[in-house]
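Note sheet for the following structure.
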Amino acid sequence: FAYNRLSLSVLLMLDAVSHSVCNALRRAVTIGVAALLFSTKLDAPTITGIVIIICGSTSYALGSARDRAEAAAAEQEEEERTTLKAEGDAEGAVSERRASDVETQ
């Protein structure tokens, strides 16, 4: 029960892919800890599999963080462009109003 409750709590905090990556890392850690506790020798294919899991999970985490940073920067840049455009439109309207006031006088 506790494992399922913890897994659901983590899933609510992360997206599904990140949760899957954490689950893969959990399996690698479980294998490593079990090998240490029970003094089991790990053969080359097992160690290779654990290394692949860890490298793949790390690559995903780094790539995902980079993608999120790029998306946030693009969103901020777009927001700044929108703000500047809105300010420019407002200033243009004020200038046009002033120009028409001067012409009517």
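Hydrophobic clustering (ILVMFWY, side-chain heavy atoms < 4.5 Å, transitive): Ile31 and Ile47 are in one cluster. Linking Ile, Leu, Val, Met, Phe, Trp and Tyr residues whenever their side-chain heavy atoms come within less than 4.5 Å places Ile53 and Val51 in a single cluster.
How far CZ of Arg26 is from OG of Ser7: 8.0 Å, rounded to the nearest 0.5 Å. The line from CG of Asn4 to OG of Ser9 is 10.5 Å long, rounded to the nearest 0.5 Å. Annotation: the span from Tyr60 atom OH to Asp67 atom CG amounts to 9.0 Å, rounded to 0.5 Å. Between the SG atom in Cys22 and the CG atom in Leu11 there is a gap of 10.5 Å [rounded to 0.5 Å].
Environment of CZ in Arg5: sparse, with no more than 12 heavy atoms of neighbouring residues, nucleotides or ligands closer than 6.0 Å. Applying the 6.0 Å contact sphere to CD of Glu70 captures more than 12 heavy atoms from other residues, nucleotides or ligands.
Among the candidates Leu62, Leu25, Ile52, the single residue satisfying the side chain to side chain contact (heavy atoms under 4.5 Å, CB included) test with Ser57 is Leu25.
In this structure the side chain of Thr46 reaches within 4.5 angstrom of the side chain of Asp43, judged on heavy atoms.
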